[in-house]
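Naming: A, B, ... by sequence-line order, numbering from 1 per chain. Basis for what follows: all heavy atoms, side chains included, without hydrogens, waters or symmetry-related copies.
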2 protein chains.
Amino acid sequence: MREDAATGGGLSTGDRLLSVIEVLGSQDGAGVTEVADQLEIAKSTAHAHLRTLYDRGYIVKRDGTYHLGLRFLQLGQAAKQPWDEYSFIEEKVEELADESEIRAQFLAPEHDEAVYVYRSTGRHSVPTDSRVGVRIPMHSVAAGKAMLAQFPGDRVDALIDRHGLPARTDETITDRAELDAALERIRERGYAINEGESWEGVRAVGAPVLTPDGDVFGGLSVSGSPHRVDPEGLADLVMGAANEIKLEFQYE
Amino acid sequence: MREDAATGGGLSTGDRLLSVIEVLGSQDGAGVTEVADQLEIAKSTAHAHLRTLYDRGYIVKRDGTYHLGLRFLQLGQAAKQPWDEYSFIEEKVEELADESEIRAQFLAPEHDEAVYVYRSTGRHSVPTDSRVGVRIPMHSVAAGKAMLAQFPGDRVDALIDRHGLPARTDETITDRAELDAALERIRERGYAINEGESWEGVRAVGAPVLTPDGDVFGGLSVSGSPHRVDPEGLADLVMGAANEIKLEFQYE
DNA sequence: CATAAACGTTCGGAAATGTCGAACAGAGTA
DNA sequence: TACTCTGTTCGACATTTCCGAACGTTTATG
């Protein structure tokens with residue numbers, strides 16, 4: 001289920017460099033030995049990779065260990081730019097959070113996973129939501145299921161071949177037939193519900209965001225503890241916001 | 001003034017991979033041929049690098065060209081985490097923007113450059129400021145000069161050896177003696193002024209943010225068009241905020 | 001305080017792999 | 001139809017990366 005780098009015609013050295021980056025990103029701070037151990041490579045090899053990243057200014061030495069540098073912040077902003085271009089997306093997320101008084105988020109599909117792009121808690125204006133940038137299996141979140149339901153069948157097949165249906169809680173859908181039934185219901189209703197399928201005790205309501213051409217652009221959702229999330233009441237709000245985004249595309 | 005990659009014991013392949021990433025980040029969208037041309041490498045080589053990045057999910061194909069993927073957004077968040085840890089930094093920036101009614105920003109020193117980490121316009125709550133993540137020569141901005149003034153002399157020497165004193169406008173300080181004099185004045189007053197040294201017609205007032213140990217942690221500044229930026233009046237505000245951050249460190 | 005352990009660093013050699021150029025296929029254009 | 005522009009694949013050479021061992025330094029430990 002995981003590509004073995006060099007197997008696919010890729011560059012194994014570049015591949016390893018990316019692994020080093022991931023090691024540094026998945027924890028805060030690592031030394032040469034730690035990187036070497038985690039990737040099962042020689043210390044001298046890890047050292048060479050770290051030196052490459054350091055000389056280029058991509059990583060930083062702090063408290064004696066290496067950390068990802070702010071150059072990645074710049075790359076992250078560049079990666080997000082296509083969405084920032086359409087400023088109404090983020091605005092709609094904040095609007096949604098204000099009106100629903102719970103968290104609202106916009107996720108984009110990428111490489112068959114869902115990625116948090118915008119997130120808001122409403123008036124609280126919580127600074128820097130830590131979940132932005134996080135990738136999550138599409139079948140385990142409301143916005144993701146809403147997107148999945150719009151994909152053609154063969155794309156869903158390919159997605160499951162690549163990633164499977166990993167469980168995140170006891171409630172996560174792990175069975176293909178069950179998923180198909182769920183997607184069918186979502187298409188009928190126009191919105192998706194997540195009942196603790198990603199985090200215990202978190203309910204969410206999501207809808208797909210489509211372009212005027214009918215392509216899947218992303219997914220919107222609101223989420224919170226079950227007693228604050230009334231699916232019936234919120235569905236219209238979320239679908240309405242998704243539709244408004246779709247309409248905005250035409251006048252941009 | 002630019003390191004020539006392989007010269008320093010780094011891995012030339014990994015180095016090239018980073019160059020490919022930078023090409024994609026510095027413009028929106030590039031094809032195989034375009035990347036190859038810009039880096040002056042064979043098309044097949046560029047193809048191999050792009051494939052490596054693609055297989056790993058770091059880049060995306062959209063409209064027939066490659067773009068940076070949202071995985072960089074995740075890495076960017078991870079890189080920013082050390083600052084998010086101290087939530088009062090971002091809060092102070094927003095406070096500063098509210099009180100001054102102009103832009104406020106926090107910059108961190110990294111690899112001898114200044115990097116925008118937080119930025120706020122006050123109540124407008126402008127979504128996604130595009131300048132976050134941007135790197136800029138320290139001597140050309142107020143917060144950067146404020147930090148420079150706190151560095152020991154040999155660190156300033158090393159910095160200038162590496163980056164020089166590039167001009168961004170006609171007003172940018174490009175002479176070492178002039179810089180030294182400016183830094184001395186900054187130390188005396190406790191704050192720095194930027195008079196169109198980075199952007200024509202933009203004035204800024206900045207102060208260094210120190211840790212309780214006296215280390216330079218970053219720089220705060222407010223900026224706007226000259227008639228809205230009164231240095232005398234704003235200096236206390238900025239220095240006060242910088243000092244409050246320093247104090248917060250002790251109770252965290 | 002001395003010793004040990006752990007870390008980061010450097011170095012050469014053998015093996016693996018990245019790079020190139022040419023050739024192929026496909027899309028778009030004249 | 002022919003042309004030009006893409007992106008892609010392939011093989012062969014030469015360059016590189018990688019490893020392991022050894023070194024110098026720092027941090028723990030007795």
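- Within the 4.0 Å cut-off from OP1 or OP2 of C/dG8, not a single side-chain nitrogen or oxygen of A/Arg51 is found.
- For the segment residues 33-46 of chain B, the set of residues with a heavy atom within less than 4.0 Å of an atom of DNA chain C comprises B/Ile41, B/Ala42, B/Ser44, B/Thr45, in numerical order.
- Distance B/Asp15 CG to D/dT17 P: 9 Å, rounded to the nearest Å.
- Taking atom CG of residue A/Leu53 and atom P of nucleotide C/dG8, one finds them 15 Å apart after rounding to whole Å.
- Taking atom CG of A/Leu50 as the reference point, atom P of C/dT10 lies 13 Å away to the nearest angstrom.
- Under 4.0 angstrom from either OP1 or OP2 of C/dT19 there lies at least one side-chain N or O belonging to B/Arg16.
- Annotation: ring pair (Phe, Tyr, Trp, His ring centres under 6.0 Å) contacts involving residues 12-55 of chain A, sequence neighbours excluded, comprise A/Tyr54-B/His111.
- For A/Lys61 and D/dT26, the NZ to P distance is 12 Å, given to the nearest whole Å.
- For A/His47, taking side-chain heavy atoms from C-beta onward, the closest of the listed nucleotides C/dT10, D/dT8, D/dT17 is C/dT10.
- One can place CG of B/Leu17 at 12 Å from P of D/dT17, the figure rounded to the nearest angstrom.
- Here the side chain of B/Thr52 pairs a donor or acceptor atom with the backbone of A/Leu11 at under 3.5 angstrom.
- Annotation: salt bridge (charged side-chain N to carboxylate O under 4.0 Å, His left out) contacts of A/Arg135 (sequence neighbours excluded): A/Glu110, A/Glu113.
- Looking at DNA chain D, the stems built from 3 or more consecutive Watson-Crick or G-U wobble pairs, each pair with its key distances under 3.5 Å, are C:1-7 with D:24-30, C:9-25 with D:6-22.
- Residues satisfying the side chain to side chain contact (heavy atoms under 4.5 Å, CB included) test with A/Arg176, not counting sequence neighbours, are A/Val156, A/Asp157, A/Ile160, A/Asp180.
- Annotation: side-chain hydrogen bond (donor to acceptor under 3.5 Å, both in side chains) contacts of B/Gln81 (sequence neighbours excluded): none.
- Between the CG atom of B/Leu11 and the P atom of D/dC19 there is a distance of 11 Å, given to the nearest Å.
- Between B/Gly64 and A/Thr13, the residue anchored closer to the 5' end of DNA chain D is B/Gly64, taking for each the nucleotide with the nearest heavy atom.
- Between A/Met147 and A/Leu107, the closest side-chain pair of non-hydrogen atoms falls below 4.5 Å.
- Under the rule for a salt bridge (charged side-chain N to carboxylate O under 4.0 Å, His left out), A/Glu34 has no partner lying at least two apart in sequence or in another chain.
- Under the side chain to side chain contact (heavy atoms under 4.5 Å, CB included) criterion, B/Val117 pairs with A/Leu70, B/Lys80, B/Trp83, B/Phe106, B/Ala108, not counting sequence neighbours.
- Considering only residues two or more places apart in sequence or on other chains, A/Thr65 meets the side-chain hydrogen bond (donor to acceptor under 3.5 Å, both in side chains) condition with A/His67.
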